[in-house]
Amino acid sequence: MELDHRTTVLDALREHLGLTGPKKGCDHAQCGACTVLVDGRRTNSCLLLAVAYDGAEVTTVEGLAEGDALHPLQEAFLERDGFQCGYCTPGQLCSAVGMIAEAGEGAPSLVTPLAAATPGGPPPEPAPVALSPGEIRERMSGNLCRCGAYGNIVAAIEDVTG
Ligand code: FES
Ligand code: FES
């Protein structure tokens with residue numbers, strides 16, 4: 001691709017590659033509708049300049065399913081009615097995939113209880129964090145849903161992580 005150096009990853013995906021799954025909600029890193037996975041990490045693609053990610057592996061919602069087989073989170077969102085208009089859903093799904101991986105690696109959130117450290121000893125090793133509804137809400141708080149489908153989104157994610 002040849003891109004203007006001001007092109008964001010979001011615009012490169014949508015306008016140049018025709019991948020319209022990632023949505024432009026705010027274009028200011030406030031809503032999460034544009035969330036994609038960059039080298040496996042969830043991120044707001046409206047914030048990233050494409051030239052800085054030459055060679056990176058970017059996964060959009062289009063890449064979550066395996067052919068006709070939906071990703072388990074996609075199945076759960078359908079089962080639980082985790083959306084109304086669906087505008088935020090691609091971002092919610094990509095964010096949930098990244099969030100589950102982060103928790104599995106032991107990355108704490110604001111509501112994760114601190115592991116007790118041995119006085120004078122090394123810091124505790126990171127351990128996988130169990131995803132309670134409170135953990136899911138906190139970790140997904142960067143993805144807004146104007147339709148207010150939050151209760152069902154949490155239930156769908158719990159179905160998969162449980
Ligand atoms: Fe990127 Fe809202 S469009 S966070
Ligand atoms: Fe409409 Fe979330 S389903 S914004």
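Quick note: numbers below take in every heavy atom, side chains included, and nothing from hydrogens, waters or symmetry partners. Counting starts at 1 for both ligands and their atoms, in listed order.
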Under 4.0 Å from a heavy atom of [X]: give me the atoms of ligand 1 that qualify, with their elements.
| X | value |
| --- | --- |
| A29 | 4 (S) |
| G25 | 3 (S) |
| C46 | 1 (Fe), 3 (S), 4 (S) |
| Q30 | 4 (S) |
| D27 | 2 (Fe), 3 (S) |
| C34 | 1 (Fe), 3 (S), 4 (S) |

So, 2.8 Å as the limit: is an N/O/S atom of C145 located closer than that to atom 1 (Fe) of ligand 2? no
Any atoms of ligand 2 less than 4.0 Å from a non-hydrogen atom of R146? List them with their elements. 4 (S)
I'd like to check which ligand 2 atoms, numbered from 1 as shown, lie under 4.0 Å from a non-hydrogen atom of C147. 1 (Fe), 3 (S), 4 (S)
Counting only N and O atoms by type, is there a donor-acceptor contact under 3.5 Å from the side chain of [X] to the main-chain atoms of [Y]?
| X | Y | result |
| --- | --- | --- |
| S45 | V9 | no |
| H28 | Q30 | no |
| Y87 | K24 | yes |

At what distance is the nearest protein heavy atom to atom 3 (S) of ligand 2, and which residue and atom is it? Q84 N, 3.1 Å
Mind checking whether C85 contacts ligand 2 via backbone (N, CA, C, O), side chain (CB onward), both or neither, at a 4.0 Å heavy-atom cut-off? both
Would you say G86 touches ligand 2, if touching means a heavy atom closer than 4.0 Å? yes
Would you call R42-E102 a salt bridge at under 4.0 Å N-O?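 A salt bridge links R42 with E102.
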Any heavy-atom pair between the side chains of L131 and E158 that's under 4.5 Å? no
For a 4.5 angstrom cut-off between non-hydrogen side-chain atoms, does N44 reach T35?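 Touching, per the 4.5 Å side-chain cut-off.
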With a cut-off of 2.8 Å, does C26 put an N/O/S atom close enough to atom 2 (Fe) of ligand 1?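 Within the cut-off used here (under 2.8 Å), C26 does place an N, O or S atom near atom 2 (Fe) of ligand 1.
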Indicate if the distance from atom 2 (Fe) of ligand 1 to the nearest N, O or S atom of C31 falls below 2.8 Å. yes
